[in-house]
Amino acid sequence: MALVVQKFGGTSVADPERIRSVADHVARTRRKGDDVIVVVSAMGKETDELIRLAEEVSSVQPTREMDMLLTVGERKTTALLCMALADLGVEAESFTGSQAGIITDTAHTRAKIVDVKPDRIRECLEAGKVAVVAGFQGMSTDRQITTFGRGGSDNTAVALAYSLGGDSFEKYSDVPGIFTADPRVVPNARKIHVISTEEMLEIAATGSGVLMFRAVEFARNHGIRIHVRSSFSWEPGTWVVPEAELESDMEQPIIAAVTHDTSEAKVTVARVPDRPGIAARLFRTLADGGVNLDMIVQNVSHDGTTDISFTVPKTDLPAALEACESHRGEFGAAEVVADDGIAKVSVVGAGMKSHPGVSATMFETLAANEINIEMISTSPIRITCVVRLERVEDAVQCLHEAFDLGSS
Ligand code: ASP
Ligand code: MG
């Protein structure tokens, strides 16, 4: 008997009809004789709605109370799904994250799972029932209710699969898989059948919201495979598997996908003295201000001064500017310039480790389309360029074409 873990996102359980259709799918899976754990998100836009309520009630939202509030969303789905399963004659039991034994650190609204003690889930499965678990939540080491941050239900699924000896989980949402580019931008983007967790990590980090970065990281660390698929078509989707499983596959393309991200802004701290300690002080100030940094570039020095530019999520821009401006005298910077008219475009592919020329092709393609590159960063399997926001879709389209990723 295998263990099957199925996770359903918000759109998959958005209304009573969709919940019944999920129950039908779970019932079929159960009737094959496997042990089944189902992890659910809050219905549709419920989490947004709860956040809106909180904002209407108060200008301050203590994070402990936010967690207490937001966990209600997924909890509601678990009970409703169990009722829909009962209607089909399938025995099921609902569990909050805390009941499921998901133990987290104490960071409210962005907690990390530190341990899983799934005794009650195990008992439920042994009794022949389906376990339906509320995603995105747990109980902290100091026994408070916590949540993992937006999109965090994937973490529950991967952690439960691992702790109960499973080797994979199925992630159902309204997208049929991972694509070679965002199909809204590139109409002939292809669904990828299999991709490595390493590549998926880069894709999750550079723009695709399909899988939560931390869930992929957990999957990579523990060798868990993820099947990303649609609860609307129920067709096979994309398998995300350990890199070693793909190594001997000669069919693997050099580039797996082109991604883009329009959620960041650029800050330039202009003409700071080019001597040891300045960058250290600048970035310590930003860290103390709670600013999340992404790319960092320091320009060649002229007359003993240099420009330092970095990108941050647009939501962190006010904090970044505040930190830079209030300490500008201390860094000796002439000015601090914010630019929210930028976007990132990336090419990701494990093949670039062994094939030279990927960056040359990327830069030549952007040049031929007169798209200026403002910043560049790389990892062993990714190249990212910052370009003007209004050119990013053109950039994605021409790169997708240049690396021949489309279906014909
Ligand atoms: N309901 C939460 C959110 O919308 C968690 C999740 O869906 O994974 O962010
Ligand atoms: Mg959601």
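FYI, the numbering just counts along the sequence from 1. Order of appearance sets the numbers: ligands from 1, and atoms from 1 within every ligand.
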Check your understanding: When the ring planes of Phe218 and Tyr162 are compared, do they come out parallel, tilted or perpendicular, using 30° and 60° as the limits?
Key ->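 Correct class here is perpendicular.
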
Review point. Once the angle between the rings of Phe8 and Tyr172 is folded into 0 to 90°, is it parallel (under 30°), tilted (30 to 60°) or perpendicular (over 60°)?
Key: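 Aromatic pair Phe8/Tyr172 classed parallel.
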
Test item, [X] contacting ligand 1 (heavy atom, 4.0 angstrom):
X: Glu74; answer: yes
X: Gly73; answer: no
X: Gly9; answer: no

Practice item. Could I get the full list of side chain to side chain contact (heavy atoms under 4.5 Å, CB included) partners for Val72, not counting sequence neighbours? Key: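 Partners of Val72 by the side chain to side chain contact (heavy atoms under 4.5 Å, CB included) criterion come out as none, since no residue qualifies.
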
Study note, to complete from the structure: Sorted by chain and number, sequence neighbours left out, side-chain hydrogen bond (donor to acceptor under 3.5 Å, both in side chains) with Arg220 holds for none

Point to revise | Those atoms of ligand 1 less than 4.0 Å from some heavy atom in Arg150 | key: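 Every atom of ligand 1 under 4.0 Å from some heavy atom of Arg150: 3 (C), 4 (O), 9 (O).
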
**Study point:** Distance filter under 4.0 Å to Ser41 heavy atoms, resulting ligand 1 atoms
**Key:** 6 (C), 7 (O), 8 (O)

Check your understanding: Do the side chain of Asp316 and the main chain of Asn292 share a donor and acceptor less than 3.5 angstrom apart?
Key ->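 The answer is yes, because a donor-acceptor pair under 3.5 Å joins these two groups.
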
Review point. Going by distance only, is there an N or O of Gly151 that falls short of 3.5 Å from an N or O of ligand 1?
Key: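 Indeed, backbone or side chain, Gly151 has an N or O that close.
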
Point to revise | Contact (N/O only, under 3.5 Å) between Lys7 and ligand 1 | key: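 There is no such contact.
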
Check your understanding: Distance under 6.0 Å and angle within 45° of the ring axis: does Arg18 meet both against Phe232?
Key -> yes

